[in-house]
Amino acid sequence: MTDVYDLEALRFTYRDTTALDGLTLGIRAGERVALLGPNGSGKSTLLRLMCALSFATGGTARAFGAPLTEAQFADPARNHAFRRRVGLVFQSPDVQLFNPTVFDEIAFGPLQMGWTAEETRARVEEALAAHDLGPLRDRPPHRLSGGEKKRVALASVLVTGPEVLLLDEPTAALDPANRDALVHRLGSPELAGKTIVTATHELDIVPAIADRAVVMVAGKVIADGRPADLLADHDLLRRAGLTHVHRHTHDGREHAHHHVHALDPGAHGHGARGHGGHGHGANVGHGEHQPDRFNHDGHGK
Amino acid sequence: MSDTVPSPSPAPAGYGACDCGPTGRRKGGALDRVLRGLGAVAEHARSAEQMASRRGLLQGLDPRIKVAGLGALVLSATLTHRLEILGALFVLACALALASRIPLWRLARQVWIGVGLFSGALALPALFLVPGAPLVAGLPVSGPGLVSAAFLLGRAETAASFAVLLVLTTPWPHVLKALRSLRVPVALVAILGMTHRYIFLLLESAAEMVEARRARLLGPLPPKAERRLVVGAVGALLLRSLDLAGEVHLAMVARGYRGEVRLIDEFRIRPRDWLALACALAVPVAILWGQA
């Protein structure tokens, strides 16, 4: 596999805030990577750097073997070629859906890429059908439900067939049914072979959407490995702020339980690629408080 | 430990208990007025969208034809020098509205009253300043002054009626595409489209902010404090809109935007569209010919 991204000692600061602090990461073609981390850990910033929407203030970043620098992207040809290969789905679909109708929204990318009207029409119709968006074709995106907006946002990026798909919190603010549908979509044959990098802090979807997990804290990578291994490491997850803390009082004392919101990754085998048998199913850890998933510590006062 | 809910602390001076429920709702407060205004705008937009999707004469025409045809009628209203033609055009606007299932009260409320008041105020001096014989002895209103005022008022009302008919009978996305088809600069069309798109998002944000602030009030605020809250909300909204603008730009860049928006047109013109356009274009031509 060839390297798609090669990020070395990456730093990014803005307004006295250090979002990335010496991050090093390599991503190969076809990998499905989950970026895990709490809010403010730098996941979204990293995705923006990987999409060349911002540029590192330190370290080196390369994509497809070429440097990711502002000077490089001043060249329209380089910019154009890169945009064809990399697509980013923003966390908030309201940011991404700015066209008057769903059709126009999906057609926006192809038209900016210089496709002809005929090519664009054909591809948009295919995308509408593939994402079950036909009935919404002429609707204004701002009138859609949250789940529909996410589907349109994903379709509007996938329509140009990018090799790399970057997803920023794709399941945020979705109800369980829409979340499952989106997770299922991310595992669909349409996306087979693509490099997919998903920023999330929802651990229960990780086995379904990634073969590799990268845990970030304060702009640094603190762990990198198979989702099965990382999700089983409660100490790591607690350090990364990825556990729920259940507090209660018993006998006048406060107890805190750190709870990992994910099932044993080895227990489910839905179509996972690569690293053995972790996948998703309807029963992936939606609040099943199994005793062996509790990591008791932190007894208060 | 007491199992009763403790009473809230007494309100500070000037922050009296609300006389209309626990949410602090009070008629006439600045926050309430803002909220009602935002709700009215959203409701207005929703009902306009519903009208545009009804079956009617204008709704059935190609949007480009509508833009060109109604534009020609607006031009006719500004070109004519005869009040009876202006009156006929106004009647035509009313007839088109009825044929398009737009209630006349909607035009009256949305156009005629506001435009009448505004252009009436502008036309008022003409009644007295345009020289001519007084219409009624003892009143300084001249006949030519009245005609001038009537022209100003009539042109404004008629032109605005045609313009609003276009908006009420055409989904906004189609208006934008029609403008683009008619070679209106793409940057202007894109700005109009995004303004329309994000105005609703910001309206929702504004309504939520006002609701959130009101939910945390124990009672009505003094008017000055309410105004300060509204001003603060406006400032927060401005910052939010600036952030949003930056994010949207990045989202566009990520999908290949390079400073020029490209759009796709999907309209088809049928024979009846050509007929409607011919009729609309005939009006200003006939007026010009008649006046020549």
Side-chain angles (χ1 to χ4, degrees), chain A residues 44 47-48 50-54 73 76-77 79-121 124 137-143 153 156-157 159-160 162 166 168, chain B residues 1 42 45-46 48-50 52-53 63 170-181 186 189-205 208 240-268:
Chain A
S44 297
L47 289 185
R48 279 161 194 243
M50 291 167 76
C51 194
L53 295 176
S54 307
F73 278 78
N79 190 4
H80 185 104
F82 182 83
R83 302 284 169 220
R84 290 191 75 124
R85 301 180 79 176
V86 179
L88 169 64
V89 178
F90 283 67
Q91 180 177 353
S92 165
D94 282 324
V95 164
Q96 195 168 336
L97 306 181
F98 45 79
N99 280 283
T101 65
V102 168
F103 179 92
D104 292 316
E105 195 60 63
I106 299 175
F108 182 87
L111 288 171
Q112 309 319 304
M113 301 288 175
W115 294 15
T116 64
E118 288 315 308
E119 271 180 296
T120 302
R121 272 197 196 94
V124 172
R137 189 181 190 280
D138 294 317
R139 294 264 304 275
H142 66 271
R143 291 274 187 248
S156 70
V157 170
V159 68
T160 53
L166 308 171
D168 193 357
Chain B
M1 197 171 104
R46 254 192 298 277
E49 281 178 13
Q50 282 170 358
S53 60
T170 318
W172 187 242
H174 291 181
V175 174
L176 296 177
K177 281 192 177 183
L179 291 174
R180 184 70 197 112
S181 304
V186 73
V189 175
I191 289 169
L192 280 173
M194 284 196 204
T195 304
H196 179 260
R197 161 73 184 85
Y198 286 104
I199 199 97
F200 290 105
L201 195 63
L202 291 172
L203 277 175
E204 278 173 26
S205 295
E208 283 170 7
R240 196 176 287 191
S241 64
L242 288 173
D243 283 346
L244 188 62
E247 289 284 295
V248 170
H249 180 250
L250 287 181
M252 292 172 74
V253 170
R255 283 158 70 193
Y257 171 72
R258 284 171 286 163
E260 187 197 347
V261 178
R262 294 164 200 208
L263 301 171
I264 200 165
D265 298 324
E266 291 190 293
F267 301 131
R268 281 200 194 91

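Here is the naming used below: chain letters follow the sequence lines, and residue numbers restart at 1 for every chain.
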Taking the side chain as C-beta and beyond, is there a heavy-atom pair between A:Arg83 and B:Val253 under 4.5 Å?
->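 A:Arg83 reaches B:Val253 side chain to side chain.
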Quick one: does B:Met252's side chain get under 4.5 Å of A:Phe108's, heavy atoms only?
->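 In short, these two side chains touch, coming nearer than 4.5 Å.
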[atom1]/[X] to [atom2]/[Y] distance, rounded to the nearest 0.5 angstrom?
X	Y	atom1	atom2	answer
B:Leu250	A:Cys51	CG	SG	9.0 Å
A:His142	B:Leu203	NE2	CG	10.0 Å
A:Asn99	B:Arg255	CG	CZ	6.5 Å
A:Leu97	B:Tyr198	CG	OH	7.0 Å

Can you check whether anything in residues 86-96 of chain A gets within less than 4.5 Å of chain B, heavy-atom wise, and list it by number?
->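 Answer by number: A:Val86, A:Phe90, A:Asp94, A:Val95, A:Gln96.
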Which answer fits A:Arg143, side chain, backbone, both or neither, if we ask what part of it has an atom under 4.5 Å from a heavy atom of chain B?
->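 The side chain, not the backbone.
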Side chain, backbone, both or neither: which part of A:Ser156 has an atom under 4.5 Å from a heavy atom of chain B?
->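 The answer is both parts of A:Ser156.
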